[in-house]
Each structure stands twice: as structure tokens, then as C-alpha cells.
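These notes concern the structure reproduced below.
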Amino acid sequence: MKRPTSAPHYHEQVFRVARQIPPGRVTTYGAIADYLSLGSARMVGWALFNNLSLDDVPAHRVLNRNGELSGRVHFRPPELMQALLEAEGIAVENDQVVDFASKFWHPQELGY
DNA sequence: TCACTGACAAGGG
DNA sequence: ACCCTTGCCAGTG
């Protein structure tokens, strides 16, 4: 549902960035929060949590700072998050992305 | 209105 | 490397 948003909505900003995470790459709650100057990484998780139904937002590419799939419990089934990542060629082991550092993508890489 | 909660992060011991 | 504390800020009771 679309609602009249006059004030800056955290949701919209988070989605805007999340949608641009390249397939096969991942980023973190903190990186998105930092890029948007939201002040708190918790806001990012909160935004994604409240909009799980949006299929066009690759929420599975957003991890915590350790590259762990901390948000997997909110997928149905929980294993879906890992499955989506592996489908993009991202190896996951023990709820953690393998070689997280090389897969990491920061919003600042947006064509500058 | 106050207190507690959370898909988090950074720093200290 | 692990555990605990603090900062963060919108939602909820």
C-alpha cells in the first residue's frame, strides 16, 4: 500500500540501497546505516523486518558485521536465506558467508 | 510517560 | 578469541 510520505521514511531509503546490492555480493546493516546516516544499524534490520513481503528487496544479501546470517530466522523457512545466497554463488558455512571480506559490497561503490 | 525490546556495532576486559 | 557493556532509535505495552 502506498501512503503519503512527507517525512523521510527509513524504509524507502533502506530499500533503495538494498535493491542495488549486486547479485553475488553482500553488505551489512551497519554499512547501509552508515551510508544513509541513519544513526543506527538497528533501523536497517527493523525496516527489512517490517517489509519481508517485498520480493524485490534482496534482504538475504544483508548480513551482520561478522558476515553471519543473523536475519535468517525471519525467512520462511529459515534455511531460505542461505539457499538464496548459495543460488548466487555465495558459499555459506555454519551460518556464515565464506570469504566474507571479498564478497563485501559497500553502498559507496555505487558508480562513482 | 517510562521501560523494555530488537535482522546491530564498537570498544574494553 | 570470547563475553559484557554501551550507544543507538522506532515500536510496543
Side-chain angles (χ1 to χ4, degrees):
Chain A
M1 279 232 283
K2 193 156 187 159
R3 67 194 82 133
T5 58
S6 48
H9 248 234
Y10 295 112
H11 298 159
E12 289 185 15
Q13 298 185 56
V14 171
F15 302 154
R16 191 175 186 120
V17 175
R19 275 193 266 259
Q20 300 185 64
I21 306 171
R25 305 289 297 279
V26 293
T27 191
T28 66
Y29 303 100
I32 294 176
D34 182 49
Y35 177 72
L36 294 176
S37 300
L38 286 181
S40 172
R42 287 176 179 256
M43 298 296 96
V44 178
W46 169 76
L48 293 174
F49 166 67
N50 281 287
N51 290 274
L52 273 180
S53 50
L54 297 183
D55 294 337
D56 60 332
V57 178
H60 60 282
R61 296 180 194 141
V62 185
L63 316 171
N64 72 1
R65 61 169 178 182
N66 297 317
E68 297 165 334
L69 282 58
S70 54
R72 83 198 158 101
V73 294
H74 293 276
F75 285 78
R76 286 203 304 274
E79 305 83 49
L80 178 60
M81 186 177 187
Q82 176 170 341
L84 289 171
L85 289 171
E86 291 176 332
E88 298 179 353
I90 299 177
V92 178
E93 212 169 284
N94 207 9
D95 289 332
Q96 186 168 21
V97 166
V98 178
D99 201 6
F100 170 60
S102 74
K103 308 282 187 192
F104 180 75
W105 173 90
H106 193 284
Q108 281 191 332
E109 293 181 27
L110 290 173
Y112 290 103

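The sequence lines fix the lettering, A, B, ..., with proteins before strands; numbering per chain opens at 1.
Put simply, the side chain of Arg61(A) reaches to within 4.5 Å of the side chain of Pro23(A), judged on heavy atoms. A heavy-atom distance below 4.5 Å is not found between the side chains of Ser37(A) and Tyr35(A). Residues Val14(A) and Trp46(A) form no side-chain contact, since every pair of their non-hydrogen atoms from C-beta on lies 4.5 Å or further apart.
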Assess the residue pair His106(A) and Asp34(A) against the criterion (side-chain contact (heavy atoms from CB on, under 4.5 Å)); give the C-alpha distance rounded to whole Å, side-chain angles, the decisive distance to 0.1 Å, and a yes or no. CA-CA 10 Å; His106(A) 193 284; Asp34(A) 182 49; 4.1 Å; yes
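Between dA9(B), dC8(C), dA7(B), one nucleotide has an atom nearer to the side chain of Leu48(A) than all others, and that is dA7(B). Nearest to the side-chain atoms of Phe49(A) among the listed nucleotides dC8(C), dA7(B), dA9(B) stands dA7(B).
Atom CZ of Arg16(A) has 12 or fewer neighbouring heavy atoms from other residues, nucleotides or ligands inside a 6.0 Å radius. Counted within 6.0 Å of CG on Asn94(A), heavy atoms from surrounding residues, nucleotides or ligands total 12 or fewer; the atom is thus considered open.
Aromatic ring orientation, Phe49(A) versus His74(A): perpendicular (interplanar angle above 60°, classes split at 30° and 60°).
Applying the side-chain hydrogen bond (donor to acceptor under 3.5 Å, both in side chains) test to Glu68(A) and every residue at least two apart in sequence or in another chain returns Asn64(A).
Arg25(A) contributes a side-chain N or O that, together with a main-chain N or O of Lys103(A), makes up a donor-acceptor pair within less than 3.5 Å.
Separating the CD1 atom in Ile32(A) from the CE atom in Met43(A) is a distance of 13.5 Å, to the nearest 0.5 Å. Taken from CD in Gln82(A) to CD in Gln96(A), the straight-line distance is 11.5 Å, to the nearest 0.5 Å.
Near DNA chain B, meaning a heavy atom under 4.0 Å away, there are no residues from residues 93-101 of chain A. Within residues 69-92 of chain A, the residues having any heavy atom closer than 4.0 Å to DNA chain B are, in order of number, Ser70(A), Gly71(A), His74(A), Phe75(A). Against DNA chain B, the stretch residues 59-68 of chain A makes heavy-atom approaches under 4.0 Å through Ala59(A), Asn64(A), Arg65(A).
Taking atom C1' on both dA7(B) and dG13(C), the two are 22 Å apart, rounded to the nearest angstrom.
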When you compare the protein's N or O atoms with those of nucleotides 10-13 of chain C, which come within less than 3.5 Å of each other, and at what distance?
| residue | atom | partner | partner atom | Å |
| --- | --- | --- | --- | --- |
| dA10(C) | OP1 | Tyr10(A) | OH | 2.7 |

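Cluster note: Leu85(A) groups with Val26(A), Leu63(A), Leu69(A), Phe75(A), Leu80(A), Met81(A), Leu84(A), Ile90(A), Val92(A), Val97(A), Phe100(A), Phe104(A) through ILVMFWY side-chain heavy atoms spaced under 4.5 Å, whether in direct contact or through intervening members.
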